[in-house]
2 protein chains.
Amino acid sequence: LSGRLAVIGAGAWGTALSLVARRAGSEVVLWARDRDLAREIGSLRENRPYLPGIAVPEAVRVVHDLAETADCDAFLLAVPAQGLRAVARGLAPVAGRDRAIVICAKGIEQASLALMSEVVAETLPGRPIAVLSGPTFAREVAEEKPTAVTLATGDPDLGRSLAAALGSRRFRPYLSDDPLGAQLGGAVKNVIAIACGIVAGRDLGDNARAALIARGLAEVVRLGQAVGGRAETLMGLSGLGDLTLTCTAMQSRNYSLGVALGRGESLAEVLGARRSVAEGVHSASAVTGLAERFQVEMPICRAVDDVVNRDVTIDRAVDDLLRRPFKDELR
Amino acid sequence: LSGRLAVIGAGAWGTALSLVARRAGSEVVLWARDRDLAREIGSLRENRPYLPGIAVPEAVRVVHDLAETADCDAFLLAVPAQGLRAVARGLAPVAGRDRAIVICAKGIEQASLALMSEVVAETLPGRPIAVLSGPTFAREVAEEKPTAVTLATGDPDLGRSLAAALGSRRFRPYLSDDPLGAQLGGAVKNVIAIACGIVAGRDLGDNARAALIARGLAEVVRLGQAVGGRAETLMGLSGLGDLTLTCTAMQSRNYSLGVALGRGESLAEVLGARRSVAEGVHSASAVTGLAERFQVEMPICRAVDDVVNRDVTIDRAVDDLLRRPFKDELR
């Protein structure tokens with residue numbers, strides 16, 4: 001890498017990543033889908049709607065035309081999972097086959113049940129792929145609070161180059177050669193977070209929440225192995241780390257959705273009071289869809305899907321979970 | 001098992017376990033080291049000093065003389081780690097070689113660096129051993145909040161018998177055949193909890209705490225494998241589950257000790273204001289001792305040991321952790 005990076009997507013996460021790359025000494029172009037937002041960030045040097053109060057240095061070039069990213073060596077995709085395919089299609093004529101694609105989006109494409117790496121392989125065939133994932137509240141990253149992430153790619157040279165282009169004392173990439181496994185944690189965590197929120201809202205205790213996190217990770221591991229990832233990856237920053245963050249911080253929209261449901265509010269009430277739907281509501285059906293495809297048992301994710309998408313009552317869902325037979329921990 | 005159990009130790013955890021066994025339909029004898037406490041629980045039907053407000057049913061027989069437990073089939077050891085050897089010696093003439101010993105204590109013996117199972121193997125040779133461990137605040141267990149634990153033994157028949165003798169809808173044992181691995185999580189978690197508290201007290205953010213939990217689990221796994229346990233066990237309730245509980249709940253003495261240190265209080269100030277020393281202070285030196293013996297790298301535990309036992313400043317310790325080179329996640 002010559003050290004010129006494009007960050008595709010100017011939400012909170014994309015903006016924070018552009019700062020990360022800049023701090024590591026890389027040249028950075030930040031692409032915003034919205035022309036007005038690109039102009040505003042460029043002139044105000046602040047992303048007011050998504051990351052207010054954080055200065056975006058002049059050295060971060062903000063653009064709206066994808067063609068202006070054509071001289072970059074690596075493209076960090078920081079767009080929502082459901083929008084990744086359209087953006088990747090737009091990138092195809094811009095990003096040559098020798099350019100690296102770094103997946104920084106978390107989730108499963110609902111319509112196809114495809115992982116983000118599968119979407120990229122279809123829309124940007126032949127490009128080397130890496131996955132960056134971990135416990136990363138964007139604001140904390142922007143504020144230079146210490147953060148560690150998994151950086152996973154099948155190409156060790158690319159991994160080292162990207163670690164150098166992004167890493168600093170306060171943003172620490174740990175290398176992995178398992179990009180499939182590194183995507184699963186981020187895709188499932190929001191579903192488990194809703195379950196943990198329900199347990200907290202129902203006042204079922206910290207023991208139960210900790211058990212849900214551990215048994216939830218076991219579900220993530222099973223699904224991760226089924227899609228070709230490795231258990232060890234899911235035990236790391238992208239799996240356990242992100243799961244813990246999402247399941248214990250009230251900052252998480254999915255966790256707080258669960259808390260409201262646990263306290264007895266209806267899904268319609270909770271969603272009606274919000275501007276954005278918690279990602280976990282969609283993820284729940286995608287994850288259970290994948291679980292069915294691969295014949296993997298995921299009772300916690302299924303219970304959440306039952307509650308948020310199938311009108312099952314919470315008492316019934318909790319009851320189902322507690323009624324399961326005692327069995328071996330590793331199954 | 002005929003279904004008669006002895007719980008050895010009448011602290012909060014032992015008392016809660018006696019209720020668990022009773023709810024599962026087992027006959028229970030609860031042994032208290034302190035004669036007055038045994039008498040008080042027996043007459044008040046409440047363990048006022050350790051578990052106030054929880055009724056102890058008449059069906060739980062409370063004794064002070066170990067000989068009165070001689071007709072039990074299984075002995076649940078719920079005494080502090082540093083006191084286990086003495087109690088186990090006292091049990092030797094009482095518990096025949098066909099009686100099962102269930103280790104419910106968490107920790108490493110400081111003087112010898114022995115695991116609890118090693119202490120039991122030396123003091124009660126020949127008895128079948130099981131380990132019960134997981135995310136278990138005693139009060140929540142006593143209040144019948146849902147709790148799941150790892151129950152690990154090399155003898156599958158014993159595992160099933162114990163699961164039947166202890167399990168209920170609200171207390172769910174998951175079976176494992178890895179008693180060595182099942183002990184490690186509980187032994188190391190308090191050290192990682194101090195680190196997480198320091199990060200919270202220093203206001204270093206949720207990303208950093210989640211990273212510490214994930215990288216901390218990696219340390220637990222490395223040590224667990226070195227002593228002969230399996231990585232999968234550490235990913236379960238006794239490892240990750242207990243670690244998450246201890247690292248995210250202010251109820252944990254070790255976490256709150258870390259928070260105070262992170263805010264700038266000195267160890268002397270913090271410990272001076274407390275009745276009991278947080279277990280993690282002792283565990284830190286035991287764990288780093290074990291890590292040295294087995295040549296395992298445990299930088300987080302070492303940093304905590306440096307702070308609480310070697311007068312290293314917190315800024316220096318955090319700095320050392322952040323200065324480590326970028327490397328592979330699995331090392």
Side-chain angles (χ1 to χ4, degrees), chain A residues 134-137 140-141 143 145-150 152 160 163-164 167 169-170 172-177 199 203-211 213-215 217-218 221 231-242 244-245 247-249 251 318 321-324 326-330, chain B residues 134-137 140-141 143 145-152 160 163-164 167 169-170 172-177 199 203-211 213-215 217-218 221 231-237 239-242 244-245 247-249 251 318 321-324 326-330:
Chain A
T136 52
F137 283 137
E140 292 189 2
V141 170
E143 289 171 346
K145 295 201 166 165
T147 299
V149 297
T150 300
R160 279 187 291 271
R169 281 186 66 221
R170 294 281 173 150
R172 304 177 55 77
Y174 283 82
L175 295 175
S176 154
D177 60 359
V199 160
D203 200 21
L204 291 173
D206 288 334
N207 292 353
R209 189 177 69 170
I213 292 175
R215 299 301 303 163
L217 185 69
V221 167
E232 305 91 86
T233 310
L234 278 318
M235 294 177 65
L237 294 159
S238 68
L240 161 63
D242 204 4
T244 306
L245 182 71
C247 289
T248 60
Q251 295 185 48
V318 169
L321 282 177
L322 294 179
R323 209 194 291 279
R324 293 168 56 79
F326 303 137
K327 48 195 228 170
D328 289 357
E329 180 157 25
L330 297 182
Chain B
T136 53
F137 283 137
E140 292 190 2
V141 170
E143 289 171 347
K145 297 205 164 161
T147 300
V149 297
T150 300
L151 183 57
R160 279 187 291 272
R169 282 186 64 222
R170 296 281 172 150
R172 304 177 56 76
Y174 284 82
L175 294 175
S176 154
D177 61 358
V199 160
D203 198 22
L204 291 172
D206 289 334
N207 292 353
R209 190 177 68 170
I213 293 175
R215 298 300 304 162
L217 185 70
V221 167
E232 306 90 87
T233 310
L234 278 317
M235 294 178 62
L237 295 158
L240 161 63
D242 203 6
T244 306
L245 182 71
C247 289
T248 60
Q251 293 184 49
V318 169
L321 282 177
L322 294 179
R323 207 195 293 277
R324 291 166 57 78
F326 304 135
K327 48 195 226 168
D328 290 356
E329 180 157 24
L330 297 181

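Fair warning: this is a prediction, and the values are worked out from it, not measured in the lab. Only heavy atoms go into these numbers, but all of them, side chains included; no hydrogens, no water, no symmetry mates. In what follows, chains are A, B, ... by sequence order, proteins preceding strands, each numbered from 1.
- For the options A:Gly239, A:Gly205, A:Pro146, heavy-atom pairs under 4.5 Å to chain B are most numerous at A:Pro146.
- Looking at B:Leu237, the atoms closer than 4.5 Å to chain A (heavy atoms on both sides) sit in the backbone and in the side chain alike.
- Most heavy-atom pairs under 4.5 Å with chain A, from the set B:Asp242, B:Thr244, B:Leu204, B:Thr147: that is B:Leu204.
- Taking both residues in full, the closest heavy atoms of B:Pro135 and B:Gly241 are given as CB-O, 3.6 Å, listed atom of the first, atom of the second, then distance.
- Both the backbone and the side chain of B:Asp203 come within less than 4.5 Å of a heavy atom in chain A.
- Comparing A:Leu234, A:Val141, A:Thr136 by how many heavy-atom pairs each has under 4.5 Å with chain B, the most go to A:Thr136.
- Ranked by heavy-atom pairs under 4.5 Å with chain A, the list B:Val149, B:Thr248, B:Leu151 is led by B:Thr248.
- Between A:Leu175 and A:Ala163, the shortest heavy-atom distance links the atoms CD2-CB, 4.3 Å.
- Only the side chain of B:Val221 comes within less than 4.5 Å of a heavy atom of chain A; its backbone N, CA, C and O stay farther away.
- Checked against salt bridge (charged side-chain N to carboxylate O under 4.0 Å, His left out), B:Arg160 has the following partners two or more places apart in sequence or in another chain: B:Asp157.
- Side-chain atoms of A:Ser176 do not come within 3.5 Å of backbone N or O of A:Thr150 as any donor-acceptor pair.
- Taking every heavy atom of both residues into account, B:Ala231 and A:Met235 meet most closely at O-CE, 4.2 Å.
- Taking 4.5 Å as the limit, some side-chain heavy atom of B:Asp206 sits within range of a side-chain heavy atom of A:Glu140.
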